[in-house]
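Positions are given from 1 along the sequence. Keep in mind that the numbers below use all heavy atoms, side chains included, and drop hydrogens, waters and symmetry copies. Start at 1 and go down the list; that is how both ligands and their atoms are numbered. Keep in mind that what you see is a predicted model, and the values were worked out from it rather than measured.
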Amino acid sequence: MKHHQKWPLTKWIWSSFIRTALIPLLVVELLFIGMYFVTYEWSKRTTVDSLREEAHQDLQQMASREGEVIANQIQSISNSTNLYRKQVAKALEVPAQLSPEDENRLGYSSKGVYYSKSNLDNDGAAVYYSAIRTAAKHDKEKVAQLLSTQSLMKDIYETHLLASAVYMNTYDSLNIIYPYFDVLDQYSASMYIPQYNFYFKANEEYNPSRGVVWTDAYLDPAGKGWIASSIAPVYNRGFLEGVVGIDVTISNIANNVLDLNIPWSGFGMLIEEDGTILALPKQGEEVFGITELNEHTYQSAVMKNTLKPDKFNMFKRKETQHIASIMDGKKNGMTKANLNNEQQLVVWSTIPETGWKLMAVVKENNIYKNISTVNSHLIKIGVLMIAGLLIVYLLYFLYLYRKTHKMSNQISEPLVEMNEMVDDIGKGNYFQSQKSFSIIELDKISNSITAMGHNLGSAYKELESAQSKVEDKESDLRALISSIDDIIMRIDSDGRYINIWTSDEQKLTRPKDELFRSSIQEVFPKEDADLFMSTIKEVDRTKQSKNLEYYIQTMSGYRWFQGRLSPIYGTDDQQKHFVLSVRDITDLKELQESLRHAKEEAERASAAKSDFLSSMSHELRTPMNAILGFAQLLEFDADESLTESQLENVEEIIKAGNHLLTLINEILDLAKIESGKLTVSIEPVEIAPVVEEVMSITQPLADRREITLDQSIEPYESTYVYADRTRLKQVLLNLLSNAVKYNEDRGKIRFSCYTQNDHMQFIVEDSGFGIEEEEIQHIFEPFTRVKEDSPIEGTGIGLTLTKQLVAMMNGTISVKSQVGKGSTFWVELPLVEEVEGINQGVSAAINEEPFSFVNKKKLLYIEDNPANLHLVQKILRKYDDIELFSAVNGEIGIDLAQAHEPDLILLDLNLPGIDGYEVLEKLRGIHETKNITIVAISANAMPRDVEKGLAAGFQDYMTKPLQVSKFSQMIHKYMYKDD
Ligand code: ADP
């Protein structure tokens, strides 16, 4: 994925400003600046070129102009020289005599020089006539002739600023010179003048045109230092009389002639034709590295022609050779040269008179200084422009930056606010107040956010309520799951775990997480896994839930589980998964096991107890019978009548014996009940005979104590209750005997029977002592007697037994009592409502004709309940060939069976005395009866009971109440099997 860099808004806007506006602007500006500099460079070059051109022209013009000025001056000196020459020539033609003043100041020196000893009125010329001429040969007239030109000389000298001396030299070394100076001091005595250049340069050889010529610079013998002279020969009829001249000192030339106004701090100089530097101003000395020979200290007279040394010659100087060669032969021109390590511009012009060259030297830099100034100005302008531009840019940047800030704030502030709103919404503050912004789009977004928040808020509220419901349900579910201890698993058809709920993970085979990655096959041993998988397949196929039980190793050890596997369906009715809900039944199993053990234990103990009791009672009954029998014999022995006291003792024995026998019987019954051996056979029992029987037994007891025994009985003819006949009698007898026992003599007892709804109430009321309130709850407990020390005989078991028996017959017993007034006990038993058949049967049986005994099949029915007997009798009426025998208890039944050997015996299992099983056992043990078909008839209709009966050896098992059709089938099956 491409990574996007994240920028703050300000930076983003700023950068886009820079990109879209500033950079192009900058580029354009840079282009402009570039163009400026190109233009600048171009214009600079053009300007420099034109300036240089101008400078060159100026210099050239200046050189020419100054050259002309100098030429004019030179020309003027040349003219004066010419004029003087003519005057001298004229003077030499005219005879002359020395003026007395001159005469006076002329004389001979000791060395024979004819000379002027002093000046003439400070305004005369000096005279030197070399000693190489003898005095005789000194031509004094010539001296006079030449001195006649003194005033002219003075005029010439004064006319020309440059002129330092005006003179005339003769072939015989006469020198007339103005202004005056001490010649002896300056000249040597025997100076030979024609040897000097200022003389011979004008002679026939050097100056054949006989015009004015200029000498090179030389050292002036007359003491003026370095000079150059304008000279001209003076011929007298073809003979060179001498040479006139006007001296110009080099310093003069340098100071006056070269005092040129050369621009750019340049300087001018004069060069002789042969390249010798004639005049060099101070400025030039530095440039050329030579000192001008202006002054000369005359130690001695200049004896010979002395020219400037070679170092002043341009041709001979290495650094100037080049310039000299360029200048050579060219009247004027310009060149460049490197002098004194600086680039110099050199222009020159030629002075035609002398062939001298006026040379102007200017430092190039000085010329270009202006140009550089212009340049630097332009650069300054450029720099100022850039600086200005930069400042403008800076300001513009600042302005833009502030604008950016403002703009970004304008956008970002709403955004930040909206962000806060969204954050707030995120934190759960859904209901944000409306905010308005000036930017329409942002305003719209803000509105949308507010609306969204509201929507979210309401949605969240709904969600919350839904969630809280879900949570409630979930916590209920959790509570349920944690409370039920069950493990609930969701499994797919491949046996893979999809979900598991349990409050105790230790009961799983592996940790939950591990299970989610596994399937049943991986977790369970093969056998168990196969069981599971086959169950899953079956459930998948039948779409019915299925139970299964298994024993497996869990994380907390081996445990028993009982599970139920159910299919669950998706929305499209397509079966999706299975739910296996499993319960740990290990404890239950263990409990069952221990219960079973305990039961077995108890059963064993109970059996041992029962065995003990029955053997005890059997053992006790035999001697008791003997005791009672013999006591009765004693009582009623007519032969040996007893004395009064003996009779009383025997009565005591009988009384105690009877009591003991009752106790034994009751304990036996109680023991039977406790051990479960006592069974009741519940069947419709007609009340009337039972009541009659118990009343007849009770009556004598009551009579003995003069207690009135009342019956307040509803017409109970043909009224039946569901009960065990024997036990019902036992119950009622018990209550009635108690009513007698715990009564006053001459007290009252009332026995009543009422039907109430679907029950029958048997009520026994007495007017006896009554029972204390707190004692009542205990009287049904075994061996509880209210008055332990009561003289009234009792065992404390009677009521206990009564209560148990009533309960076994699905009835209840209650009591209420008032001390001193009497007690009321009442028993409720279910009423038989459908008594039609029974009554009919009974009445029919009663109306039966006596049986004929010839060739008839025999059927023995051992049954103590007359109602059942009547029913069977009625059914058998239509079977003419069946003879019915009946017996009311087991013992009689066995006797009858032995005697008659019937074809079929119907045996009631619940008999007084020995029960049906015992009877069966006995019959099977007797030779005559062991092969007779015996069918059990019992009110115990549970399959278990049936199984038990068949296992004991009964051929068949019929349940009470008897159904006529089934009974008939049974008769056919066993009585007519041979037919
Ligand atoms: P017992 O052999 O002592 O009669 P029962 O279980 O029959 O034992 O009675 C328990 C006790 O209840 C009696 O001892 C007696 O105190 C009290 N009782 C039973 N019937 C009556 C009655 N009708 N009136 C007063 N007391 C009675």
Distance-only criterion, 3.5 Å: show the donor-acceptor pairs between side-chain atoms of residues 702-709 and protein atoms not counting sequence neighbours.
unit_1 : atom_1 : unit_2 : atom_2 : d
D703   : OD1    : Q699   : NE2    : 2.9
R705   : NE     : D745   : OD1    : 2.6
R705   : NH1    : V740   : O      : 2.8
R705   : NH1    : K741   : O      : 3.3
R705   : NH2    : N743   : O      : 2.6
R705   : NH2    : D745   : OD1    : 2.8
T708   : OG1    : G747   : O      : 3.2

Please tell me if the side chains of I971 and L859 come closer than 4.5 Å, counting only heavy atoms from C-beta onward.
yes

Validation row: N889, D864 side chains within 4.5 angstrom (heavy atoms):
no

How close does the nearest protein non-hydrogen atom get to [atom], and which residue and atom is it?
| atom | result |
| --- | --- |
| atom 6 (O) of ligand 1 | L799 N, 2.8 Å |
| atom 17 (C) of ligand 1 | V786 CG2, 4.0 Å |
| atom 11 (C) of ligand 1 | T784 O, 3.8 Å |
| atom 15 (C) of ligand 1 | Y742 CZ, 3.3 Å |
| atom 2 (O) of ligand 1 | T795 N, 2.6 Å |
| atom 7 (O) of ligand 1 | N738 ND2, 2.7 Å |
| atom 12 (O) of ligand 1 | I779 CG2, 3.7 Å |
| atom 26 (N) of ligand 1 | I771 CG1, 3.5 Å |

Give the numbers and elements of all ligand 1 atoms closer than 4.0 Å to a heavy atom of [X].
| X | result |
| --- | --- |
| S823 | 24 (N), 25 (C) |
| D766 | 22 (C), 23 (N), 24 (N) |
| K741 | 1 (P), 2 (O), 4 (O) |

Residue part near ligand 1, for F769, under 4.0 Å between non-hydrogen atoms:
neither

Contact between ligand 1 and F780 is defined here as a heavy atom of the residue under 4.0 Å from a ligand atom; is it met?
no

Is the closest heavy-atom distance from G768 to ligand 1 below 4.0 Å?
no

Can you establish whether the number of heavy atoms outside [X] located under 6.0 Å from its atom [atom1] is more than 12?
| X | atom1 | answer |
| --- | --- | --- |
| K748 | NZ | no |
| K803 | NZ | no |
| R944 | CZ | no |
| E644 | CD | no |

Does the side chain of Y722 come under 3.5 Å of the side chain of N810 through a donor N or O and an acceptor N or O?
no

Contact list for residues 903-920, test side chain to side chain donor-acceptor pair (under 3.5 Å), sequence neighbours left out
T679-N910, D908-K960

